[in-house]
Chemist: 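The structure follows.
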Amino acid sequence: MVMQEKANNKKNKNRIVVNTPFLCTTPVQIRYTDYDMQGHINNSIYFNFFDTAKMDYFKKVRGNNMHWEDVTVVIANMNIDFYSPTRYFENVAVETQTTRLGDKSLTLVHRLVNTDDHQVKCVCSTVMVYLDPKTQQPATIPQYWRQAIRDYEGHDL
């Protein structure tokens with residue numbers, strides 16, 4: 001479950017907070033070209049990490065029943081809260097979970113963590129919309145997807 005953290009100061013007003021354990025962890029490789037002039041990963045690179053984690057998550061959710069040509073979800077919105085820069089030679093991984101399963105959309109939360117000291121580097125919330133494969137218009141998420149996500153997460157969403 002994702003909740004918007006209630007805080008008195010403006011800085012923490014809309015922070016993404018997750019209250020359930022992450023079951024999917026995807027190690028990511030940091031490349032030389034990921035760094036900017038300040039010596040940390042450029043903010044645009046995080047989206048690549050989260051895309052890699054989405055593929056890994058959906059493969060784990062659907063197992064051998066995952067056929068990428070049948071995947072018809074698109075990103076409708078992404079928001080990232082950055083907490084600490086990721087520096088050269090850090091070992092990091094993306095943790096992923098579904099936090100909301102609506103009629104036509106779902107919300108994934110990704111958390112980039114240092115795997116050595118478990119420091120959370122950033123948290124990303126992604127809203128994805130299911131599209132009808134024929135019309136390419138928003139459609140109800142199929143029951144088999146819903147059940148696979150619930151089974152993987154281990155609780156109702």
Side-chain angles (χ1 to χ4, degrees), residues 1-63 66 68 71-131 138 141 145-146 148-157:
M1 168 189 255
V2 173
M3 299 186 325
Q4 296 301 319
E5 183 177 289
K6 304 277 186 207
N8 292 332
N9 62 40
K10 224 176 183 178
K11 182 179 177 184
N12 293 326
K13 186 172 84 167
N14 294 314
R15 180 175 273 183
I16 300 164
V17 178
V18 180
N19 296 319
T20 55
F22 287 85
L23 302 176
C24 178
T25 301
T26 307
V28 292
Q29 180 181 11
I30 299 174
R31 302 164 302 172
Y32 176 79
T33 57
D34 294 343
Y35 292 95
D36 59 21
M37 296 296 291
Q38 288 80 33
H40 52 72
I41 293 179
N42 184 279
N43 59 7
S44 65
I45 300 301
Y46 289 88
F47 293 103
N48 295 331
F49 294 164
F50 300 140
D51 283 345
T52 299
K54 279 180 199 67
M55 288 181 62
D56 185 43
Y57 178 79
F58 287 134
K59 184 176 178 185
K60 288 176 179 172
V61 165
R62 293 291 313 278
M66 189 68 200
W68 287 107
V71 177
T72 52
V73 289
V74 295
I75 296 171
N77 181 278
M78 288 182 82
N79 292 292
I80 301 176
D81 290 336
F82 293 98
Y83 303 124
S84 176
T86 305
R87 303 230 179 253
Y88 193 59
F89 290 119
E90 283 192 75
N91 296 309
V92 292
V94 177
E95 299 172 330
T96 304
Q97 68 175 262
T98 299
T99 58
R100 186 191 62 80
L101 191 54
D103 181 52
K104 297 178 182 180
S105 67
L106 59 95
T107 302
L108 295 178
V109 170
H110 306 287
R111 182 167 71 177
L112 185 74
V113 297
N114 178 307
T115 57
D116 296 324
D117 65 11
H118 306 288
Q119 180 184 30
V120 176
K121 299 298 188 167
C122 63
V123 177
C124 175
S125 174
T126 303
V127 176
M128 302 191 79
V129 175
Y130 182 81
L131 299 180
I141 298 170
W145 266 99
R146 293 175 178 288
I149 292 169
R150 287 184 191 119
D151 290 347
Y152 183 81
E153 294 294 345
H155 58 86
D156 228 0
L157 298 163

Chemist: Checking T98 against Y152 for the side chain to side chain contact (heavy atoms under 4.5 Å, CB included) test, could you report, in this order, the C-alpha distance in whole Å, the side-chain angles of both residues, the deciding distance, and whether it holds?
Modeler: CA-CA 10 Å; T98 299; Y152 183 81; over 6 Å; no

Chemist: Quick one: pull up CZ in F58 and CG in L108 and give me the separation to the nearest 0.5 Å.
Modeler: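 Result: 5.0 Å between the selected atoms.
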
Chemist: Using atom types as modelled and distance alone, determine if a side-chain donor or acceptor of R146 lies under 3.5 Å from a backbone N or O of G102.
Modeler: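 Pair found, side chain donor or acceptor close to backbone of G102.
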
Chemist: In Å, rounded to the nearest 0.5 Å, how long is the span from CG of D51 to CE of M78?
Modeler: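 Spacing of CG (D51) from CE (M78) equals 6.0 Å.
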
Chemist: Compare all side-chain heavy atoms of F50 with those of Y57 and state whether any distance is below 4.5 angstrom.
Modeler: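 No; the side chains remain at least 4.5 Å from each other.
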
Chemist: In terms of side-chain heavy atoms, does N114 have a donor or acceptor partner in E90 at a distance below 3.5 Å?
Modeler: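 Looking only at side-chain atoms, E90 and N114 do form a donor-acceptor pair, the distance falling under 3.5 Å.
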
Chemist: Pair L23, Q97 - check side chain to side chain contact (heavy atoms under 4.5 Å, CB included), show working.
Modeler: CA-CA 7 Å; L23 302 176; Q97 68 175 262; over 6 Å; no

Chemist: Please evaluate residues V123 and Y83 with respect to the criterion side chain to side chain contact (heavy atoms under 4.5 Å, CB included), reporting the C-alpha separation (whole Å), side-chain torsions for both, the decisive distance (0.1 Å), and the verdict.
Modeler: CA-CA 8 Å; V123 177; Y83 303 124; 3.5 Å; yes

Chemist: Walk me through whether T86 and I30 qualify under side chain to side chain contact (heavy atoms under 4.5 Å, CB included).
Modeler: CA-CA 10 Å; T86 305; I30 299 174; 3.9 Å; yes

Chemist: Tell me if the CD atom of Q38 is crowded by more than 12 foreign heavy atoms within 6.0 Å.
Modeler: yes

Chemist: Could you report the tightest heavy-atom contact between S105 and I141, atom names first, then the distance?
Modeler: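 Where S105 meets I141 most closely, the heavy atoms are O-CD1, 3.5 Å.
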
Chemist: Taking the side chain from T107 and the backbone from R100, do they hold a donor-acceptor pair closer than 3.5 Å?
Modeler: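 Here the side-chain-to-backbone pair does not exist.
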
Chemist: Check A93 against T25 and note the closest heavy-atom contact, atom names and distance.
Modeler: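 Looking at all heavy atoms of both residues, the closest pair is CB-CG2, 3.7 Å.
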
Chemist: Kindly give the heavy-atom pair with the smallest separation between K121 and P85, and that separation in Å.
Modeler: NZ-O, 3.0 Å

Chemist: Please report the shortest heavy-atom distance between R87 and Y35, naming the atom on each side.
Modeler: O-OH, 3.3 Å

Chemist: Does the distance from a Lys or Arg side-chain N to an Asp or Glu carboxylate O, for D56 and K59, drop under 4.0 Å?
Modeler: no

Chemist: P138 versus L131: any side-chain heavy-atom pair under 4.5 Å?
Modeler: yes

Chemist: Nearest 0.5 Å please: distance from the CG atom of D34 over to the OH atom of Y32.
Modeler: 11.5 Å

Chemist: Output the distance between atom CG (N43) and atom CG (D36), rounded to the nearest 0.5 Å.
Modeler: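 Spacing of CG (N43) from CG (D36) equals 8.0 Å.
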
Chemist: Got a second to check how far N48's CG is from Q29's CD, nearest 0.5 Å?
Modeler: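 These two atoms lie 12.5 Å from each other.
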
Chemist: Just verifying a value: how many Å separate C24 SG and H110 NE2, rounded to the nearest 0.5 Å?
Modeler: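 Rounded to the nearest 0.5 Å, the SG-NE2 separation comes to 9.5 Å.
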
Chemist: At their closest point, which heavy atom of T96 faces which heavy atom of F22, and how far apart are they?
Modeler: N-CD2, 3.5 Å

Chemist: Mind listing the closest non-hydrogen atom pair of Y46 and L112 along with its distance?
Modeler: CE2-CD2, 3.3 Å

Chemist: Any heavy-atom pair between the side chains of W145 and L101 that's under 4.5 Å?
Modeler: no

